[in-house]
Chemist: 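First, the structure itself, so that you have it in front of you.
Sequence lines set the chain letters: A, B, ... in the order given, protein chains first and strands last, and positions in each chain run from 1. Predicted model only: the values in this text are computed from it and were never measured.
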Amino acid sequence: MSIREWTVLALVFFGTFFMLVAAFGLNRMPDLYTRMHGAAKSTTLGITAIMMAAALYFLNSAAVMRAILVIVFFFLTAPVATHVLARAAYFRRVPRWEGTTVDELLGRYDRASHVLESRQEGDISDG
Amino acid sequence: MTHHLVLPLIIPLVTGALVILAGRRRLAARAITFVGMTTDLVYALYLLWLVWNEGIQVSALGDWPLPFGIALTVDLLSATMLVLAALMGWVVLLFTFVTIDPERERFGFYALYQFLILGVSGAFLTGDLFNLYVWFEVMLISSFGLMTLGGERDQLEGGLKYVVINLVSSTFFLIAVGLLYGATGTLNMAHLATILAEAESTRLISALAMLFLLTFGIKAAIFPLFFWLPASYHTPPAAVTALFGGLLTKVGVYAMFRVFTLFFVEQPPYIHTLLLILAGLTMVVGVLGAIAQNNVRRILSFHIISQIGYMIMGLGLAGVLGLAGGIFYVIHHIIVKTSLLMIGGALEEISGTGDLKHMGGQLRERPWLAFLFLLAALSLAGIPPLSGFFSKLTLLSAALDQEQYAIAAVSLGVSVLTLFSMTKIWAEVFWKAAPLPAPSPAAEPAPAAVAPYWNLVAPAAILVTLSLLLGLGAGPALEFASAAATQLSVPAEYVQAVFGIQ
Amino acid sequence: MVRSFLLNIFLALVWTFLQGELQGSNFALGLVLGYLVIALSQQVLGASAYVRKVGQVMRFLLFAIWEIFTASLALAWLIMQPRLRLRPGIVAIPLDAETDMEIVAVSSLITLSPGTMSLDVSTDRRTLYVHTIDLGDPDAFRREIKEGLERQVLEVMR
Amino acid sequence: METVLAVVVGTLFAVGTYLILRRSLVKLLLGLLLMAHGANLLLFTLSGLRRGAPPLIGPDGGQETYADPLPQALILTALVIGFSLMAFTLVLAYRADQVVGTDDLQRLETTDR
Amino acid sequence: MSEALDVALVLLTVSMGLCIVRLWRGPSLPDRVVALDQIGIHVVALSAVYSIQVGELVFLDVAVVTGLLAFIATVAFARYLEQGQDI
Amino acid sequence: MLIIALFSAFLLALVTLPAYRWLGQRATWLLSAATAVLFGWFLWQAPAVSTGHVLSVTYPWIPRLNAAFALRLDGLSLLFALLVTGIGALIILYGGYYLGDDADLSRFQSYMFLFMGSMLGVVLADDLVTLFVFWELTSVSSYLLIGFRHEDEKARYGALKALLITGGGGLAMLAGLVMLGMAGGSFRIGELITQTALSTHPLYTAFVLLILLGAFTKSAQVPFHIWLPDAMTAPTPASGYLHSATMVKAGIYLLARLQPALGGTDLWHLVVGIVGLVTMLLAAYLAFGQNDLKALLAYTTISSLGWAVALIGIGSSLALKAAMVVIVAHSVYKAALFLLVGIVEHETGTRDLRQLGGLARVLPVTAVVAALVTMSMAGLPPLFGFLAKETLFETALTATPAVLPALWVAGAAFVMAIFAVAYSLLFYFGVFFGSDAPSFDEVHEPAWPMLLGPAILAALSVLLAFPPLRTASTELLAAAASQSYGDAVSVSLALWHGITTPLLMTIAAVASGVVLWAVRKPVRRWQAGAIARIRLDVLYDGSITLLNRLATGLTARFQTGTLSDYLLMILGAMIVLVSYAMITGSGTITVSTSLAGIPTFELLAAVLMILSAVAVAGTSTRLGAIAALGVVGFFMTLFFVIYSGPDLALTQLMVETLTVILLLLVFYFLPRVFEDRSTRLARFRDIAIAAGVGTLVTLLTLMVSPLEGGVVASQSEGLTVSEFFLQQSVPAAFGENVVNVILVDFRALDTLGEITVLVIAVLGAYALVKLRLSDDHDAEDGS
């Protein structure tokens, strides 16, 4: 096996590892919000690694372009997806883990109009 | 090689597309559809003439050698069905012009109508099993559209049942086609015929034959599979019911005729007995259903089922005479049923209801409609000298000839029951005195359809006349049906035609 | 800036044609080479926003990848603990970012960085609510985000 | 692997069947979708499963074996057709529910009585 | 190489299985949506690795499209969730 | 010529409507005259036909079934044709006045001509199919005539009853006729009656019984006679014409016609003879119990029909001669009687015996005419009816077959004769005399054309008993009887043979009849109870009710309205049919249980896919189910990827995503209820069905897959279909992606259809959403 193939393998396993991490995280974390942390970050990294592996393996423009496409796409979409989901979840009052310490968002949603208030001036203890 | 065989597909397709382009312009849509339909009819007649004189016509699309490409194959049965489809399309179109409401016209009614004709024609034309599936779907989706166009409560409710059961049937059709391809490696029907003729009857082939029986049985509405039909057929506008009642189930029947004569010959060995049993049950259950109803179009819908039994009986009897009887019956049934449904629809338009309780007095009000109904009803029940009698006679002769006394007895008994049920409509709608001030919700004068009475009657009159001619000219008609049946009973001819064109 | 960008595209195309084969890889290479040409020539032609911007974006991307890498590692570490040590909390962070693009960039990057995830932006777009896994002092956390991440983003964006 | 996939196909059909026999309109739709999946997978299973041999013929002529392209073409057609039908059915279900006001299939019986 | 990739494929499938566990367990709807999103991403990964294993570029296309569609589906779900339908 | 004669009647049916519109009452005369011309033409043929000459025409009709349009005029046909046209001419005239002020007169006359044509067709037909065609047409015209007063529910009831019984019997007969035709190798009556071997044919019993069923229902034999009394709701001219003089004789005609071919066996003698005798007796007895004049006449008609049937059952030359005589005699006097009852009803407004009486005073002419025909009915000399009865007695005493002892026949005939006398007296004296008669002072004689018919018929009843008409008629009767006997029959009729046993029997019968009439009150009172008890109508009504109940019950069972039930039945049928085919068929199912060589991750994926599929059914939330469905879709994609279907994978993803989004959109509007509403039992049943379907599909898949390596080579070029595609894709169709090439080139038609489906679906869905002709359930949802 050539160095390139070794690199490909390494990247694949690197990616796979993080995919696994995300999946474990999905199951180990206590509430939705903490679960989403793993989902957002680790899978993006995992995909990136695997796509890089593919690009390296084929090493032609078609593969590279596709890999870049996927990576960029994931970088752009993963946060957005997480964001819309988390927002929807909070809005629907998906329960937080009881160990959650601070919740400055609590009670700021107007459920009818979907308006979210800003943080009030008095709340800001530090600029 | 006759490339013009695609015309029955091209004409409705182009017409349908043009209608879509016409948008909400009703009159333009009418004109386009009428021209298209007429062209289609003329071509179908030409095709029938061609097949009659020159034998089975085959066209390999794209000139790909068969069995690799898709073959359009037209034998006498196909050509006959094409003519009937075009004719019914044409006649019902006339009826549509009188009865349909402008709103439906603006929402693509004619486009769906044309696509339905397209699907039906495709199913009759094609010589390729998967292609048959595709045309079935075209037909189904357009019928879905027509069935639910307007979105009235009954339409939606009935339409849902219709749609769901047909979707299940399509799924089974798809896997049956897939499995058959897996087993034989081909989709071309003629090719299948040659392969299966040599293959021994394994449980696989038998099971596949059963699957095809089921899928086509659902479309044809035979005994334990018919439920969608009475649930939905009475819900759309009268013109749609007339078109459906005449054509749709018959596509299923056609497919059964094709499949069980061409490549599932004697597959499984008990197929003919099974078909006869199903035919008998279909007749009985259908007619009993009709007897139980009190609504014109519901009665007629159940009769469709019952009549399908006779066609399947022809297939089950097999042999040239049995098949000829079945084909004759199909021809007769399409004509008569369409006319009956148009008359029934007209009656509902006039009375503002289809409920027998609230109808009456029409013999004095509309004697011509009464006359037509009587003829059509008698024809349906098998009273001579109308077409129904001779087709039943042929079937009866075939059954007695083959010593299938049970089915013969059933077919005769069902005739009496059919008569019983049709006279119920006659007695209630035409003979009974008109009910006192109509309690029907449509207390205001019924739709515009009432005024142009002649337009309403003329389409049905055309078909009833045809039924009468078919009865008086039963000899030639049966000769014709026998010719078609002979072609069916000799698959080699079909195969030869398909593979002989290279 | 637009002119520079078009110039870059043009150079890439020229390169592609010179190569004789209309392939994506050639074009990509052309883009890179063209960029280098423009970057070098800026010594002669004067500073170009384009060159700076591209550089910033590159840096930003690297930063982001780094963030996500560390974040994932941290998470992996966390997951592998026999007992989860979590102190989750939701913190409101006042935003300096103004345009939609800026807010999106900030909130996205927060999501991708270790231990934080943006939940929602207030309707008046002045506050970002962030969920964090390991929250000590909310105010310290606020400061950390504002001075680290947000500033970096805004530098790139403006 | 054919055996395994055959079991999968069977399961899809079994679950689909179970769902379409429920009284809920929603489950009915889900069941139909599952059955459609089953049918497609069945066709695919029959095509002779070959790994890594897509029916793409390279400029150099390519390999000796390819996956059977015809079933794939058939499935492709069936997929689109199935989707069209399902889309229509979904809209129909939506409208039916809107007009009739229930998704309990046992209460959709006026047209049969 | 191929054997090693097999291992990777298995691991990815196991990982996907874990996501399905979450999908099954819920408990809330957004949990399931997250799980579905994750499964989609796993399909991307699996397609990509498989594409390496058999050396066929076309499957990368599948990966691209899967990623795109998984995202669209997730956003659609989120929109739906936020409309406030209870379960 | 025969054809013209036949179709002129149908032509008249068509002409009637405009004729009445243009000519008014004059049309009646014209039509009657036209019918008389027809009668004249048949009469003109009489001399030749009587000598054995047979006119016949044949046109091929349905060669495939050996059926021809064949007509034949021989003695038997001529006799009936004369009755049909002769009585027809009189009744048309009568009817024109009877219904003179009825707006529907033209329609009535049209139906009458329709019937006339059909009846002529029956008696002239030389081909069983031709015969049957006209046979059913008589049933239809009878239906229309019985239901002529269609606003009356009783009329509709009677019409349907007649149609069902005669039509049903007719269909049974059709089966018999077809079998007969097959047994005899021809449908031509002329050929069949010359055959002798038919009675030994294995199907003999079957077709004889079936044909008899047709004949008996038509001719109102017990127990099928029940339709005839109810048929009396028809206007009286129609009753007299169809339900007495002609149509009900169609069955007798058929029996007489086929007697040479079918008769002569014990079966024939027994069944036809016994049924005839029973009918004759029972109906005579019942007639005596009636109050409605038409019902009374209806039962006497049935009795006479039974009489003729019994004679044909006996089947000797003498018996057939007697049958011909009674047919003529009965037609003549009974038609007249009906017309007279019509006059009575027309003038008094009632036909109830209890309200009538003493009409001889106000209707003297009618009374005289009635006296003559009633005497004929009673069988009194010197009228033609007497001759009929004499020949009956003669037959009963001399020429019965072994299975029908003479004593039975003679006894039955004698009893019948007693009743005949009694009911004749009852009828005549009840109507025209009687002390307790209410006053009918305003009643007057009808228009003379109405009396013309009965008068002519009454005259005939007399004149036929004397030369020269008697001698003329004997020739014709002989010709008819010999056609029916199959050999020459000599007929001589005389009023006076000397003191013979038949004469003594007649005298005894008349005496007993008078006595019976004298004690009518207690007898009839007793009968009223007895009649109520033996009404067979209960059977008919009961079976109609039963039929309706059965139909409703069965349909309610099948057409439950619940989609799940329908699907259950359909899937159940699938399981039964397919598994039966699998069990009974031959061939092996190879199941490779070895998992060797299958990559672990594929196995895992398969397991996960199964789990997600189950999850779709198992989750308690809608969204969860959709999500699980999405996962199933992802796995589909995955398998498409693994097994070399990249295009499939892409399309699958696209479709899947769109479907999921659509589902979400739609479900947003659907109610939230998701729990299973079925009972536990239903769930178990459904699981069983589901498992069955799943197992079958799996087995089918397994059975096919092993064949994969050995797909049968195609005929051309030794290539399989897919090999051809792979080979030709690049060189012939210039495409490297074979799947695409198949779609756009090799099988472009499929793709065309596919696109069409998509377009239609969009069109349909658009219309569905936009076009709303009905009000929505929830108005607020309609936005």
Side-chain angles (χ1 to χ4, degrees), chain A residues 17-18 20-22 24-25 28-31 33-34 36-38 40-46 48 60-62 64-65 68 71-72 75-76 78-80 82-84 86-87 89-91 96-97 99-106 108-110 113-119 123-127, chain C residues 23-29 61 64-65 67-69 71-76 78-80 84 86-95 104 107-133 135-136 138-143 146:
Chain A
F17 171 74
F18 281 105
L20 267 170
V21 165
F24 270 109
R28 278 209 72 188
M29 292 297 194
D31 72 356
Y33 308 101
T34 48
M36 289 174 74
H37 279 277
K41 301 180 236 300
S42 303
T43 47
T44 312
L45 187 63
T48 309
N60 58 27
S61 60
V64 174
M65 289 307 288
I68 292 175
I71 293 169
V72 168
F75 266 77
L76 293 178
V80 175
T82 315
H83 174 80
V84 289
R87 172 188 146 89
Y90 196 90
F91 191 79
R96 284 158 294 115
W97 180 47
T100 306
T101 50
V102 179
D103 188 350
E104 298 182 351
L105 179 54
L106 194 63
R108 292 185 197 268
Y109 268 117
D110 180 344
S113 63
H114 289 226
V115 166
L116 175 59
E117 292 170 35
S118 191
R119 190 164 171 268
D123 292 347
I124 305 170
S125 49
D126 193 343
Chain C
Q23 274 185 5
S25 58
N26 284 332
F27 185 72
L29 192 58
L61 275 179
I65 291 176
E67 281 284 291
I68 196 172
F69 182 61
S72 299
L73 278 180
L75 191 80
L78 184 68
I79 297 290
M80 276 181 262
L84 290 175
L86 294 177
R87 283 183 297 168
I90 299 172
V91 178
I93 295 173
L95 277 175
V104 167
S107 71
S108 295
L109 209 61
I110 285 177
T111 301
L112 289 178
S113 32
T116 55
M117 178 181 78
S118 42
L119 264 184
D120 205 352
V121 183
S122 65
T123 312
D124 60 9
R125 302 199 304 194
R126 278 168 48 196
T127 310
L128 180 67
Y129 293 90
V130 176
H131 185 271
T132 168
I133 284 185
L135 182 64
D139 293 328
F141 176 75
R142 248 191 290 278
R143 204 162 41 238
K146 281 210 73 70

Chemist: Heavy-atom pairs under 4.5 Å with chain C are the metric here; pick the option from A:Gly46, A:Ala86, A:Ala89 that has the most.
Modeler: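 When all of A:Gly46, A:Ala86, A:Ala89 are compared, A:Ala86 has the most.
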Chemist: Could I get the full list of ring-ring contact (aromatic ring centres under 6.0 Å, His included) partners for A:His37, not counting sequence neighbours?
Modeler: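 A:His37 satisfies ring-ring contact (aromatic ring centres under 6.0 Å, His included) with C:His131 only.
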Chemist: So which atom in C:Asp120 and which in A:His83 form the shortest heavy-atom distance, rounded to 0.1 Å?
Modeler: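 In terms of heavy atoms, the two residues are closest at CA-CE1, 3.7 Å.
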Chemist: Decide yes or no on side chain to side chain contact (heavy atoms under 4.5 Å, CB included) for C:Leu75 and A:Met29, but give the supporting numbers first.
Modeler: CA-CA 11 Å; C:Leu75 191 80; A:Met29 292 297 194; 3.9 Å; yes
Chemist: Using non-hydrogen atoms and a 4.5 Å limit, figure out which bit of A:Tyr33 sits close to chain C: side chain, backbone, both or neither.
Modeler: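 Looking at A:Tyr33, backbone and side chain both touch chain C.
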Chemist: To the nearest 0.5 Å, what is the distance between NZ on A:Lys41 and CG on C:Leu112?
Modeler: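 So the NZ of A:Lys41 and the CG of C:Leu112 are separated by 7.0 Å.
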Chemist: To the closest 0.5 Å, what do you measure between CD1 (C:Ile68) and CZ (A:Phe75)?
Modeler: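 Spacing of CD1 (C:Ile68) from CZ (A:Phe75) equals 4.5 Å.
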Chemist: Who among C:Val104, C:Leu109, C:Thr111 has the most heavy-atom pairs with chain A under 4.5 Å?
Modeler: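 Highest number of pairs under 4.5 Å: C:Thr111.
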Chemist: Which residue out of C:Ser107, C:Ala76, C:Pro114 racks up the most heavy-atom pairs below 4.5 Å with chain A?
Modeler: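 Greatest number of close heavy-atom pairs with chain A: C:Ala76.
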Chemist: Answer with side chain, backbone, both or neither: which region of C:Leu73 has an atom nearer than 4.5 Å to a non-hydrogen atom of chain A?
Modeler: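 Both parts, backbone and side chain.
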Chemist: Considering residues at least two apart in sequence or located in another chain, which fulfil the side chain to side chain donor-acceptor pair (under 3.5 Å) criterion with C:Ser72?
Modeler: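 Residues passing side chain to side chain donor-acceptor pair (under 3.5 Å) with C:Ser72: none at all.
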